[in-house]
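We use all heavy atoms of the structure for the numbers below, so side chains are in, but hydrogens, waters and symmetry mates are not.
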Amino acid sequence: MTFQAPKGVPEFWPPRSATLTAVRTAFADAAERAGYGYIEVPVFEETQLFARGVGESTDVVSKEMYTFEDRGGRSLTLRPEFTAGVLRSVLEHNLHTGQLPVKLWTTGPAFRYERPQAGRYRQFQQFDLEAIGTEDPTVDAETIAIAWDGYQALGLSRVRLLLNTLGCKECRPLYRAALQDFLRALDLDEATRQRAEINPLRVLDDKRPEVRAKVDAAPLITDHLCASCKAHHDQVRELLADLSIPWEDTPRLVRGLDYYTRTTYEFDHPMLGAQSGIGGGGRYDGLSEDIGGPPLPGIGFAVGVDRIILAVEAEHGPGAAGQARCEVYGVPLGERAARAVFGLVTELRRAGVAADMAFGGKGLKGAMKGADRSGAAFAVILGERDLAAGSAQVKTLETGEQSEVPLTEIVMKLKERLGK
RNA sequence: GUGGGUGUAGCUCAGCUGGCAGAGCGCCAGGUUGUGGUCCUGGAUGUCGUGGGUUCAAGUCCCAUCACUCACCCCA
């Protein structure tokens, strides 16, 4: 083995890759049903877009970006998240000049230079959804409902929804100052003191028990909201209750990216160890202006496809998503028969039947083994004898029953027996 | 970035205080010259993660390095 994949890059191959496509499909279907359209955005952007959008003070920008210079001397960065790029595209192509909100989804890899761990990778897959151009709290609830339905479609019963609000540009600064005053009075280690200065909210969700204890009496955002943020938050919660989506109010929930305002939420799965966040989202009402656009509120979420795969496997065991099922398996005996079987298999496929065959001049025994493993309901056995008779042996693999069927009728008969 | 654990066949792993490289599963073939799933028999596959060191002798001991993994951190 001379080459290996770069560090921290997961790869997926059958049968496990079926879970990956199932996860994408579950969320894409939920999004499409709600009127969200697919948008394809670039994997890399101008570095400044992320620096200004995600925020210079975040760890993501300050120490985790894959930044490089291209041959033209431009500084580019592999996307560490989707929202900034999607919003940039919306503004650049004036998608926000029509009816609002603009509702979009996308999916693909994102990149962060971090120490790999279970559920944390340097290249990771996200499904992302954004609703841009309205402050209506109904849309906040809509995005949550879509994510929720995605998890439900995958049969995940143990997902928790954690809900909070971060206030707006009116009330958040006041809260931030109050929190900072509180934190400065505490005896904290150097790294945490610095975080308290740069991003004080982050100190609230420190996992270390000794820090948790000290922060226990910290002021909470929910006690510092302005009237409109409080009303917004209450409406979102009422809407979720209407939809029977259970949530937990978590006033210490913060988000790692600077752009979040008002509604913020996270989806969490209890069987994943340290990287238990399987999705997160929220409102970003100031982001458009941060990247040079007009005032344009928005809300969206990203879910971690890799982590959801782990959650599906944790709840349902590996291979639960199953794979493409073969229905008919061709077993040729000899070269002339192999040509005929290949033609038959192709004809079956064109007729909408999932069909495969034994390759490489395998013997009958080996080919039958292949038929068995394929999961097919029927094996079609064809040798010189059958060719001469103009028919094939159709074997029902579960029962072992076998009958002779004329080649001219075989596609029709098989479709019939498969209920097609 | 910090700290722990692990790297041996395609997979899961055993290999004691250094002394001939192993098992199960899988794969291939045969038992059954045209019939799978069970059973029996046989077979193939290893730079023991990589590089150095100690030793008559290293999978085993030492150092370095790479990767994986768990936690912190970060976040999806």
Side-chain angles (χ1 to χ4, degrees), chain A residues 1-10 13 23 27 54 58-64 79-83 107-128 147 189 191-192 195 199 202-203 205-211 253-257 260 265-269 272-281 300-311 329 331-334 337 358 360 362-376 378-387 392-402:
Chain A
M1 182 67 78
T2 39
F3 291 105
Q4 353 182 312
K7 178 171 176 159
V9 174
W13 55 90
V23 171
F27 286 92
V54 175
T58 61
D59 283 25
V60 169
V61 169
S62 63
K63 45 193 185 199
E64 296 177 358
R79 61 185 177 204
E81 58 104 42
F82 282 77
T83 305
T107 185
F111 306 84
R112 289 180 203 170
Y113 188 88
E114 298 180 274
R115 183 89 169 257
Q117 200 177 317
R120 185 171 79 185
Y121 310 106
R122 291 183 171 181
Q123 173 176 314
F124 55 101
Q125 301 292 330
Q126 287 195 335
F127 176 93
D128 180 84
D189 62 277
T192 311
R195 211 174 322 142
N199 199 341
R202 289 230 61 86
V203 180
D205 72 346
D206 198 302
K207 284 184 195 170
R208 291 169 294 181
E210 65 273 21
V211 178
L253 177 71
V254 301
R255 306 267 68 217
L257 312 182
Y260 285 108
Y265 52 90
E266 188 167 304
F267 296 97
D268 177 279
H269 197 280
L272 295 192
Q275 309 303 322
S276 62
I278 56 173
F301 67 74
V303 299
V305 173
D306 315 82
R307 290 183 185 177
I308 296 170
I309 292 170
L310 297 176
Y329 196 91
V331 176
L333 298 165
K362 266 199 182 47
L364 178 61
K365 194 182 166 89
M368 283 305 295
K369 219 168 184 173
D372 188 49
R373 274 173 213 164
S374 75
F378 301 104
V380 174
I381 302 148
L382 192 72
E384 291 292 335
R385 251 187 239 166
D386 309 290
L387 275 177
Q393 308 298 322
V394 173
K395 181 165 186 169
T396 307
L397 285 165
E398 200 180 330
T399 62
E401 291 169 71
Q402 188 168 309

[atom1] atoms of [N] and [M], separation to the nearest Å:
N     : M     : atom1 : result
B:U45 : B:G52 : C1'   : 29 Å
B:G34 : B:C20 : P     : 47 Å
B:U50 : B:A14 : C1'   : 23 Å

Query raised in the report: With no hydrogens and no angle check, is any side-chain donor or acceptor of A:Thr396 less than 3.5 Å from a backbone partner on A:Glu398?
Result: no

| query | Any sub-3.5 Å donor-acceptor pair from A:Arg79's side-chain atoms to A:Phe111's backbone N or O? | reply | no

Is [X] touching bases, backbone alone, or none of the nucleic acid, heavy atoms closer than 4.0 Å?
X        : answer
A:Ala371 : nothing
A:Glu266 : nothing
A:Ile278 : sugar-phosphate
A:Gly360 : nothing
A:Phe301 : nothing
A:Glu398 : base

State whether [X] places a side-chain N or O below 4.0 Å from either non-bridging phosphate oxygen (OP1 or OP2) of [N].
X        : N     : answer
A:Arg112 : B:C73 : no
A:Lys395 : B:U35 : no
A:Arg255 : B:A76 : yes
A:Gln117 : B:A71 : yes
A:Arg202 : B:C75 : yes
A:Arg195 : B:C74 : yes

What about [X], does its side chain sit under 3.5 Å from the base of [N] through a donor-acceptor pair?
X        : N     : result
A:Asp372 : B:G37 : no
A:Gln275 : B:A71 : no
A:Arg373 : B:G36 : no

> So do A:Phe27 and A:Thr107 actually touch side chain to side chain, heavy atoms under 4.5 Å?
Replying inline: no

With nearest nucleotide decided by heavy atoms, which residue, A:Leu272 or A:Gly280, maps closer to the 5′ end of RNA chain B?
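First, find each residue's nearest nucleotide; the 5'-ward one identifies A:Leu272.
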
Fill in: Pair A:Thr399-A:Glu401, side-chain donor/acceptor within less than 3.5 Å
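There is such a pair between these side chains.
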
Where RNA chain B forms runs of at least three Watson-Crick or G-U pairs (i with j, i+1 with j-1, under 3.5 Å), the stems are B:1-7 with B:66-72, B:10-13 with B:22-25, B:27-31 with B:39-43, B:49-53 with B:61-65

- What is the distance, rounded to the nearest whole Å, between atom CG of A:Asp189 and atom P of B:G1?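 In whole Å, B:G1 P and A:Asp189 CG are 20 Å from each other.
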
Mind listing the closest non-hydrogen atom pair of A:Asp306 and A:Tyr121 along with its distance?
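Nearest heavy atoms, A:Asp306 then A:Tyr121: CB-CE1, 3.7 Å.
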
